[in-house]
Amino acid sequence: KRITECDAALAEAEPAKKERAANLEKAEADFAEAKAKQLASAGVFQEARAEEDRRQQALQEAKNEATKIGKEGKRLQAETLKCQRALSNFQEGPQAAFLQLRERTAPLVEPVATEVISEEVANTLAGDPAVAVGNGSGCEEAQAAEQKTESVAEE
């Protein structure tokens, strides 16, 4: 009697056992599918993480480069100011003096004046030889006028 009762209980439990086995298979299939999705998501996450790291590194390099460029810009700006001051000093000093001298014209020595001096020298020499040597104004003035004329012509 007990064996029949046990056999009856086993027979009644058989459909529940099959149902639980089917549920177990379905749960294992769902688990395998979820696991595959998680692994795929983990791969995508790792790729995204690697991309983020690469971009962070590129950002840091760009910041470093910007800092270097800023320092270089400040150095070049200081050099520009230095050159502008040197140019200003040159324009106010040597160049201004040159332009002023370039615009300046030498007084023209008239040929009539040298003839007058020559006549004075001739008259002086004709009159008194001792006075001509002592005075000396005629010859020296004529030579100075010729030198001025030659220097103006050279410029």
Side-chain angles (χ1 to χ4, degrees), residues 16-155:
K17 184 179 176 184
K18 287 183 182 179
E19 186 179 323
R20 284 190 296 265
N23 286 343
L24 177 64
E25 284 182 25
K26 184 179 179 206
E28 285 177 347
D30 289 345
F31 174 74
E33 186 179 325
K35 187 176 181 180
K37 284 182 181 179
Q38 181 187 13
L39 290 176
S41 296
V44 170
F45 173 76
Q46 288 175 348
E47 289 175 9
R49 185 54 145 314
E51 181 67 23
E52 180 184 16
D53 289 343
R54 282 192 298 272
R55 290 185 181 191
Q56 285 291 344
Q57 185 178 7
L59 175 66
Q60 189 61 38
E61 289 174 3
K63 284 181 179 179
N64 291 342
E65 190 66 27
T67 302
K68 287 179 186 177
I69 289 172
K71 289 178 182 178
E72 181 71 11
K74 287 179 182 178
R75 184 188 67 78
L76 290 174
Q77 189 175 21
E79 186 176 332
T80 301
L81 289 174
K82 181 181 174 184
C83 290
Q84 285 175 344
R85 275 189 253 119
L87 175 63
S88 175
N89 290 340
F90 173 73
Q91 287 175 337
E92 292 171 0
Q95 187 180 24
F98 172 75
L99 292 175
Q100 185 180 18
L101 290 173
R102 186 175 70 177
E103 292 172 2
R104 191 170 161 194
T105 57
L108 294 177
V109 178
E110 297 178 15
V112 176
T114 56
E115 290 176 11
V116 170
I117 293 173
S118 297
E119 288 177 18
E120 287 179 7
V121 170
N123 290 338
T124 307
L125 289 176
D128 187 9
V131 173
V133 173
N135 186 0
S137 62
C139 289
E140 290 173 359
E141 289 176 5
Q143 288 174 351
E146 284 181 7
Q147 288 176 353
K148 286 181 181 178
T149 306
E150 289 173 0
S151 66
V152 169
E154 288 176 1
E155 289 180 25

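Along the sequence shown, residues are numbered consecutively beginning with 1.
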State the [atom1]-[atom2] distance between [X] and [Y], to the nearest 0.5 angstrom.
X     : Y     : atom1 : atom2 : answer
Leu24 : Lys26 : CG    : NZ    : 12.5 Å
Leu59 : Asn64 : CG    : CG    : 9.5 Å
Lys74 : Ile69 : NZ    : CD1   : 13.5 Å
Gln95 : Ser88 : CD    : OG    : 10.5 Å
Leu99 : Gln91 : CG    : CD    : 9.5 Å
Gln84 : Gln77 : CD    : CD    : 9.5 Å

- Name all pairs fulfilling the salt bridge (charged side-chain N to carboxylate O under 4.0 Å, His left out) condition that reach into residues 34-43, sequence neighbours left out, sorted by first residue then second.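 Residue pairs with at least one partner in residues 34-43: Glu33-Lys37.
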Of all pairs that satisfy salt bridge (charged side-chain N to carboxylate O under 4.0 Å, His left out), the ones with a partner from residues 78-102, not counting sequence neighbours
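Sorted result for residues 78-102: Arg75-Glu79.
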Could you check whether atom [atom1] of [X] has more than 12 heavy atoms from other residues, nucleotides or ligands sitting under 6.0 Å from it?
X     : atom1 : answer
Gln38 : CD    : no
Glu51 : CD    : yes
Glu72 : CD    : yes

